[in-house]
Amino acid sequence: MAALQGVRELSRDLSLLLAKKFNLNEEQGQILVTPIRNLNRRQRKILFEELRPKQRDMRIYLEEQYYLQGEEQRQRWVDETVTSIFNNGGEPNTVDALMMEIVGRIEILHRVKKRSIKTQQPLKAMSGSGSFTFFITIVAVLTAVVLLIMNI
């Protein structure tokens, strides 16, 4: 998988580990380490049709591998995941998203946000907040509509 050269080391290593275990081709391995927003239409199709059905098994496998590591190695995995997400502007790739499920989404995102504040490097808009921001927006719009109707 020569195409994975520029990717953070842990994401690449985990992608190779998953590729070997789940018989993924080079393109599928590359998709695992590319942030979802950066995928083109064909790659998204591969992600959702071929990789997502295997995602639960991939998470279970990675979780087993994670807990087989010593405490120091597990901390390195967390630190490198945070670095990978931070370097992508707060947008996780599929491998990072799997690690977030294993370690804890809130813990990882909190560390990414702390690093962003510490280095004064902003993250991309709406990254990491996901459905919570969508939910708050919908509640605000519905509340405004209800208040508008009540005043008419």
Side-chain angles (χ1 to χ4, degrees), residues 1-140:
M1 291 195 165
L4 300 177
Q5 293 297 333
V7 179
R8 295 277 319 148
E9 202 171 306
L10 179 69
S11 290
R12 185 192 58 205
D13 291 347
L14 294 180
S15 174
L16 292 172
L17 188 67
L18 290 171
K20 185 176 179 181
K21 174 72 176 173
F22 294 96
N23 300 318
L24 305 178
N25 61 37
E26 185 174 338
E27 184 178 27
Q28 291 171 327
Q30 181 63 38
I31 290 169
L32 289 177
V33 294
T34 303
I36 294 172
R37 288 187 187 181
N38 296 348
L39 296 175
N40 63 37
R41 184 181 174 122
R42 189 176 59 72
Q43 290 172 322
R44 284 178 193 261
K45 184 175 181 178
I46 292 169
L47 174 66
F48 289 107
E49 290 181 0
E50 298 174 20
L51 296 175
R52 283 286 163 96
K54 300 176 185 179
Q55 192 166 345
R56 181 177 179 274
D57 294 332
M58 289 181 189
R59 185 190 57 77
I60 291 169
Y61 179 70
L62 275 183
E63 190 169 13
E64 290 170 356
Q65 297 302 310
Y66 177 75
Y67 286 111
L68 287 174
Q69 307 299 316
E71 184 63 35
E72 189 173 300
Q73 186 68 9
R74 284 195 302 243
Q75 187 59 45
R76 185 180 83 76
W77 280 30
V78 170
D79 292 341
E80 291 223 12
T81 300
V82 168
T83 301
S84 174
I85 295 170
F86 179 76
N87 289 342
N88 287 326
E91 296 178 6
N93 59 41
T94 303
V95 172
D96 294 336
L98 291 172
M99 284 301 298
M100 289 170 67
E101 288 180 29
I102 293 166
V103 176
R105 183 176 280 309
I106 293 174
E107 179 182 346
I108 298 290
L109 291 176
H110 179 70
R111 288 182 183 205
V112 171
K113 191 171 185 174
K114 273 176 75 172
R115 184 175 293 181
S116 172
I117 292 168
K118 183 178 179 182
T119 62
Q120 296 181 346
Q121 182 177 348
L123 300 174
K124 293 179 183 174
M126 302 281 282
S127 65
S129 52
S131 61
F132 182 71
T133 302
F134 177 76
F135 174 76
I136 294 297
T137 305
I138 294 298
V139 168

Counting only pairs under 3.5 Å, give me each side-chain donor-acceptor contact of residues 46-55, with atom names and distances, residues two or more places apart or in other chains.
from, atom 1, to, atom 2, distance (Å)
Glu50, OE1, Gln28, NE2, 2.5
Arg52, NE, Gln55, OE1, 2.7

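- Distance CG/Asn87 to CD/Glu80: 10.5 Å, rounded to 0.5 Å.
- In terms of modelled atom types and a separation under 3.5 Å, the side chain of Gln69 and the main chain of Tyr66 share no donor-acceptor contact.
- Checked by atom type and distance alone, the side chain of Thr83 pairs as donor or acceptor with a backbone atom of Asp79 at under 3.5 Å.
- Between Ile36 and Arg44, the shortest heavy-atom distance links the atoms O-NH2, 3.2 Å.
- Rounding to the nearest 0.5 Å places CZ of Arg115 at 15.0 Å from CD of Gln120.
- Within 6.0 Å of CD1 in Ile106 there are 12 or fewer heavy atoms belonging to other residues, nucleotides or ligands.
- The salt bridge (charged side-chain N to carboxylate O under 4.0 Å, His left out) search around Arg74 returns Glu71, not counting sequence neighbours.
- Expressed to the nearest 0.5 Å, how far CD of Glu91 lies from OG1 of Thr34 amounts to 12.0 Å.
- Closest approach of Val33 and Ser11 over heavy atoms only: CG1-O, 3.4 Å.
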**Asked** Does the salt bridge (Lys or Arg N to Asp or Glu O under 4.0 Å) test come out yes or no for Lys21 and Glu64, once each step is laid out?
**Response** CA-CA 13 Å; Lys21 174 72 176 173; Glu64 290 170 356; over 6 Å; no
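- Neither side chain, Arg111 nor Thr81, offers a donor N or O lying under 3.5 Å from an acceptor on the other.
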**Working for side chain to side chain contact (heavy atoms under 4.5 Å, CB included), residues Asn38 and Asn88** = CA-CA 10 Å; Asn38 296 348; Asn88 287 326; 5.6 Å; no
**Message:** Assess the residue pair Asp96 and Asn93 against the criterion (side chain to side chain contact (heavy atoms under 4.5 Å, CB included)); give the C-alpha distance rounded to whole Å, side-chain angles, the decisive distance to 0.1 Å, and a yes or no.
**Reply:** CA-CA 5 Å; Asp96 294 336; Asn93 59 41; 3.2 Å; yes
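- Of all non-hydrogen atoms in Trp77 and Leu62, the two that sit nearest each other are CZ3-O, 4.2 Å.
- Qualifying salt bridge (charged side-chain N to carboxylate O under 4.0 Å, His left out) partners for Arg41, counting only residues two or more places apart in sequence or in other chains: none.
- Closest approach of Tyr67 to Ile102, counting heavy atoms only: OH-O, 4.1 Å.
- The shortest non-hydrogen separation linking Pro92 to Ala97 is CB-N, 4.1 Å.
- Atoms CG and CG, from Leu18 and Asn23 in turn, are 11.5 Å apart once rounded to the nearest 0.5 Å.
- Tested against Met58, the residues Thr94, Leu24, Val95 include a single side-chain contact (heavy atoms from CB on, under 4.5 Å) partner, Leu24.
- Note: Tyr61 and Phe22 have perpendicular aromatic rings, judged against thresholds of 30 and 60 degrees for the angle between ring planes.
- One finds the CD atom of Glu63 at 9.5 Å from the CE atom of Met99 (value rounded to the nearest 0.5 Å).
- Rounded to the nearest 0.5 Å, atoms CG (Leu98) and CG (Leu32) are 7.5 Å apart.
- In this structure, Gln73 places its CD atom where more than 12 heavy-atom neighbours from other residues, nucleotides or ligands lie under 6.0 Å away.
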